[in-house]
Amino acid sequence: MGITTGRLIGSGRASDVYEIDDEWVLRRARDTYSDALAEAAVMERVRGHGYPVPKVRIEDSSRTELVMERLHGPTMLAAFGAGEIGAERAGAIVAELLVRLHAVPGRVVHLDLHPDNVMLTPDGPYVIDWANAEEGDPGLDWGISALILAQVAVDDGPFAGPARTMLAALLADPSHLTGTGLAEARRRRAANPTMSRREVELLGVAEELVRSLK
């Protein structure tokens, strides 16, 4: 594409992010199944309805590379780790973002909305990583977000307690979560190729925790 990139500024399970300048970054996929152009189209669609997502430059992107607005601020997970936001507030923000997304016409669902995919900017929280987004059941979206937090909550890591608090705040209004959505969320999480064996093993008890809060 002829775009000159600078230093690596972030890495996820399936992609790396490089700076272009102070306003733009390039995210390059390491997998073979993503479609950045489809992702960009969804981002522009929800942004057109006022939803907080980065701007994208579709004309400079490709199936494996996405040029998007550079957001300034930490991820919600990093902010929590630094003591800049509490677990209860973090869970409530994720819930607010889900409610706002499902108000966008066309039943767009993110399917990976969790604290590490929310960036806290001076203009408020922004949602990133739309690779899994599609049109579907909002209950599935709630189920995915709840299961992600529950998998951390039932593990023996240092974030188990805070993740349980985030989960309880996320499900403060449990009416958004459906049994069908949660069951499908577990099926999809189990089939996710980026999940570790340990994460898959925790799905059963994680689902039980979510159901106990519903």
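Values below: all heavy atoms of this structure, side chains included; hydrogens, waters and symmetry mates excluded. In this text, all values refer to a predicted model and were calculated from it rather than measured experimentally.
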So M76 and M166, side chain to side chain contact (heavy atoms under 4.5 Å, CB included) or not? Walk me through it.
CA-CA 12 Å; M76 181 185 287; M166 289 182 195; 5.8 Å; no
Return yes if some donor-acceptor pair links the side-chain N/O of E69 with the main-chain N/O of K55 below 3.5 Å, else return no.
yes
So how far is it from T121 OG1 to H72 NE2, rounded to the nearest 0.5 Å?
9.5 Å
Examine distances only and state if a side-chain atom of R7 and a backbone atom of E19 form a donor-acceptor pair shorter than 3.5 Å.
no
If you round to the nearest 0.5 Å, how far is CG of L66 from CD1 of I128?
11.0 Å
Show your working on side chain to side chain contact (heavy atoms under 4.5 Å, CB included) between H176 and D141 and close with a plain yes or no.
CA-CA 9 Å; H176 301 288; D141 222 1; over 6 Å; no
Rounded distance (nearest 0.5 Å) linking atom CZ of R28 with atom CG of L8:
10.0 Å
On a heavy-atom basis, the closest approach of P125 and P52 is O-CB, 3.3 Å
Using 30° and 60° as the class boundaries, would you call the ring planes of W130 and H110 parallel, tilted or perpendicular?
perpendicular
Pair E135-R45, salt bridge (Lys or Arg N to Asp or Glu O under 4.0 Å): steps then yes or no
CA-CA 12 Å; E135 292 184 359; R45 174 178 168 184; 2.8 Å; yes
Apply the test salt bridge (Lys or Arg N to Asp or Glu O under 4.0 Å) to residues R211 and E208: give CA-CA distance (whole Å), side-chain angles for both, the deciding distance (0.1 Å), then the verdict.
CA-CA 5 Å; R211 290 189 183 278; E208 291 176 8; over 6 Å; no
In terms of heavy-atom contacts, G181 and L140 come closest through O-CD1, 3.7 Å
Under a 4.5 Å side-chain heavy-atom rule over Ile, Leu, Val, Met, Phe, Trp and Tyr, are L149 and F159 clustered together?
yes
Could you measure the distance from the CG atom of L37 to the CZ atom of R63? Nearest 0.5 Å is fine.
9.0 Å
Let me check something: do L213 and V94 share a hydrophobic cluster, defined by ILVMFWY side-chain heavy atoms less than 4.5 Å apart, either directly or through other members?
yes
For the student: nearest non-hydrogen atoms of A92 and A169, plus distance:
N-CB, 3.8 Å
Run D137 and T178 through side chain to side chain contact (heavy atoms under 4.5 Å, CB included) and show every step you take.
CA-CA 10 Å; D137 175 19; T178 64; 4.1 Å; yes
Point-to-point distance, once rounded to the nearest 0.5 Å, from CG of N117 to CG of D129:
4.5 Å
Walk me through whether S175 and D173 qualify under side chain to side chain donor-acceptor pair (under 3.5 Å).
CA-CA 6 Å; S175 65; D173 177 1; 2.7 Å; yes
Could you point out which residue of L202, L182, V152 forms a side chain to side chain contact (heavy atoms under 4.5 Å, CB included) with L147?
L182
Which atom names give the shortest non-hydrogen contact between S15 and A29, and what distance separates them?
CB-CA, 3.9 Å
Are the side chain of S145 and the backbone of L113 linked by a donor-acceptor contact shorter than 3.5 Å?
yes
Just wondering, do R70 and I20 contact through their side chains at under 4.5 Å, heavy atoms?
no
Check for me, please, whether Y51 and L71 land in the same ILVMFWY cluster - side-chain distances under 4.5 Å, paths through other members count.
no
Report yes if some heavy atom in the side chain of W142 is under 4.5 Å from a heavy atom in the side chain of V99; otherwise report no.
yes
May I ask you to test the L26-D60 pair for a side-chain heavy-atom distance under 4.5 Å?
no
Determine whether E65 and I3 make a side-chain contact, defined as any pair of heavy atoms from C-beta on separated by less than 4.5 Å.
no
How far apart are the C-alpha atoms of E207 and R189, what are their side-chain angles, what is the distance that settles it, and do they pass the salt bridge (Lys or Arg N to Asp or Glu O under 4.0 Å) test?
CA-CA 11 Å; E207 182 181 1; R189 290 289 289 166; over 6 Å; no
Give a yes-or-no answer on whether the side chains of S196 and E199 include a donor-acceptor pair shorter than 3.5 Å.
yes
Which atom pair, heavy atoms only, marks the closest approach of P74 to A78?
CB-CB, 4.1 Å
Indicate yes or no for a side-chain donor-acceptor contact from S61 to the backbone of V67 under 3.5 Å, with no hydrogens or angles considered.
yes
Out of curiosity, does L97 fall in the hydrophobic cluster containing L171 (side-chain heavy atoms, cut-off under 4.5 Å, transitive links)?
yes
How close do V109 and H102 get, heavy atom to heavy atom, and via which atoms?
CG1-NE2, 4.0 Å
Can a salt bridge be assigned to the pair R89 and E84 using a cut-off of 4.0 Å between side-chain N and carboxylate O?
no
Separation between CG (L111) and CD (E184), nearest 0.5 Å, reads 9.5 Å
Would you say the side chain of P162 lies within less than 4.5 Å of the side chain of F80, judging by non-hydrogen atoms?
yes
Under a single-linkage definition using a 4.5 Å side-chain heavy-atom cutoff for Ile, Leu, Val, Met, Phe, Trp and Tyr, are V42 and I144 assigned to the same hydrophobic cluster?
no
